[in-house]
Amino acid sequence: MADESQGSEGNRSVVTVGTGTSETIFYQSTGVLRGGADNGGSETSVTSEALRVRVNNLKYSFETWREILIQVYGLLIWKRSFYPMVLWAIVSLFFGIVCYAKLSTLTTLAILAIFAIISDYMVPKMQAHFFNPNLWTGVKEKKYEEVCNGIACAQENLSAGLSYLNHLKRSRPFVYFFTVLLCLFALAWIGSLMDNLLLTYVIVCSAMMIPGLVHRGYLRKYLGCAAASKQANYQAQKKEN
C-alpha cells in the first residue's frame with residue numbers, strides 16, 4: 001500500500017509516494033513539478049493530488065493558448081465526424097509542399113522552428129483581439145481542464161514507459177538488450193524499404209489519428225477483440241492438448 005507524507009522544503013511542499021522499496025518525490029512549486037524514482041526503477045503510483053498539481057501547472061503555462069488549445073483538442077479527438085479528413089488534409093498539404101519544393105530535412109526543421117517561434121510570439125497577442133476574455137465560460141474552463149489533463153496523462157504515460165525500460169534494463173539486461181536491438185533492426189529494415197519522406201508522412205498521419213481513435217474507443221475495441229481472440233485460441237489449444 002502506498003504511503004503518503006507531506007513536508008516542507010524551503011518554500012516547496014513535498015509529496016512522497018512509496019511503493020515497496022521505491023518511492024517518488026514530487027516537488028510542488030509555482031509552476032514546477034518534478035518526479036523521480038529510486039535506483040530500483042520500480043513502478044510508482046501517482047496520487048490524484050500530484051496529478052492535479054501537474055494539471056494546474058499546465059493550465060498556468062498554456063493560459064495564453066487556452067482558446068487555441070480547445071479548438072485543436074476538439075480537432076484531434078474528432079469532435080465532428082469529418083475531422084479525421086481535415087487532419088489528413090492538413091498533413092497531406094504540408095508534406096505535399098515539402099515534396100514539391102524539394103526541401104531538405106534541415107530546411108524543413110528550420111521552417112518549422114521559425115513557425116513555432118512566430119506562433120509563440122503572435123498567438124498570445126492575437127488571442128485577445130479574436131477571443132473576448134469576458135466570454136470565457138465555465139464550459140470552456142472545463143474543456144480547458146480536460147485538455148490539460150490529457151496532456152498530463154500523456155506525460156505520465158511517457159514517464160512510466162521510460163521507467164519500465166529502465167527497470168527492465170536493470171532487472172533483465174539480456175531481455176532488454178535483445179528487445180531493443182531487434183526493434184532498432186526492424187526500424188532500420190523498414191527505413192531501407194521506404195522513402196524517408198513517405199515513411200515520415202505515414203508516421204505523422206498515424207500519430208495524428210491516435211487521439212481520435214483512443215477517444216472514440218476504436219483502439220481499445222480492436223485491441224480488446226485481438227486479445228480476446230488470442231485468449232480463445234490459447235484455450236482451444238490447451239483443450240486439444
Side-chain angles (χ1 to χ4, degrees), residues 54-55 58-59 61-124 126-127 130-131 140 142-162 164-165 183-184 186-227:
R54 177 168 290 188
V55 171
L58 289 172
K59 287 174 67 176
S61 300
F62 295 130
E63 187 175 2
T64 55
W65 284 77
R66 59 185 185 179
E67 291 280 4
I68 306 298
L69 283 178
I70 290 175
Q71 303 301 323
V72 173
Y73 183 72
L75 181 65
L76 289 175
I77 65 172
W78 304 354
K79 191 175 180 180
R80 298 182 182 275
S81 58
F82 61 87
Y83 278 179
M85 295 300 298
V86 175
L87 285 172
W88 174 80
I90 293 173
V91 176
S92 299
L93 177 63
F94 172 77
F95 278 91
I97 293 174
V98 173
C99 182
Y100 177 78
K102 296 181 179 179
L103 301 177
S104 65
T105 303
L106 184 60
T107 303
T108 304
L109 293 177
I111 292 175
L112 289 176
I114 292 171
F115 178 76
I117 292 174
I118 294 175
S119 299
D120 186 54
Y121 177 76
M122 295 297 298
V123 168
M126 296 174 61
Q127 183 174 245
F130 288 97
F131 301 99
K140 288 185 176 181
K142 186 177 180 180
K143 290 181 179 179
Y144 179 53
E145 187 168 350
E146 182 182 349
V147 173
C148 293
N149 186 72
I151 297 173
C153 290
Q155 290 177 342
E156 195 54 47
N157 289 334
L158 179 61
S159 177
L162 294 176
Y164 174 76
L165 287 177
C183 291
L184 293 177
L187 289 175
W189 177 68
I190 293 173
S192 66
L193 296 178
M194 299 179 63
D195 179 74
N196 290 334
L197 188 62
L198 178 60
L199 183 60
T200 307
Y201 170 73
V202 172
I203 293 174
V204 173
C205 279
S206 302
M208 297 289 282
M209 296 300 171
I210 287 176
L213 291 172
V214 172
H215 184 77
R216 292 294 183 103
Y218 296 141
L219 201 60
R220 182 181 302 175
K221 176 182 176 181
Y222 290 115
L223 289 178
C225 290

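Quick note: numbers below take in every heavy atom, side chains included, and nothing from hydrogens, waters or symmetry partners.
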So [Y] and [X], do their side chains get closer than 4.5 Å, heavy atoms only?
| X | Y | answer |
| --- | --- | --- |
| P84 | W88 | no |
| K143 | Y73 | no |
| F94 | L112 | yes |
| F62 | V147 | no |

Results of salt bridge (charged side-chain N to carboxylate O under 4.0 Å, His left out) for K79 - residues two or more places apart only: none
For the residue pair Y201 and F95, categorise the inter-ring angle as parallel (less than 30°), tilted (30 to 60°) or perpendicular (more than 60°).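 Because their plane-to-plane angle is over 60°, the rings of Y201 and F95 count as perpendicular.
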Check this for me: F82, atom CZ, are more than 12 non-hydrogen atoms of other residues, nucleotides or ligands nearer than 6.0 Å?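 Enclosed.
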Taking Q155's backbone N and O only, do any of them form a donor-acceptor pair with S159's side chain (distance below 3.5 Å, no angle check)? no
Examine distances only and state if a side-chain atom of Y83 and a backbone atom of G74 form a donor-acceptor pair shorter than 3.5 Å. no
Taking all non-hydrogen atoms of both residues, which atom of I77 and which atom of R216 are closest, and how far apart? O-NE, 4.1 Å
What is the minimum heavy-atom distance between W65 and D120, and which atoms define it?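 Minimum heavy-atom contact is CZ2-CA, 3.7 Å.
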Under 3.5 Å side-chain donor-acceptor pair for T108 and T105: no
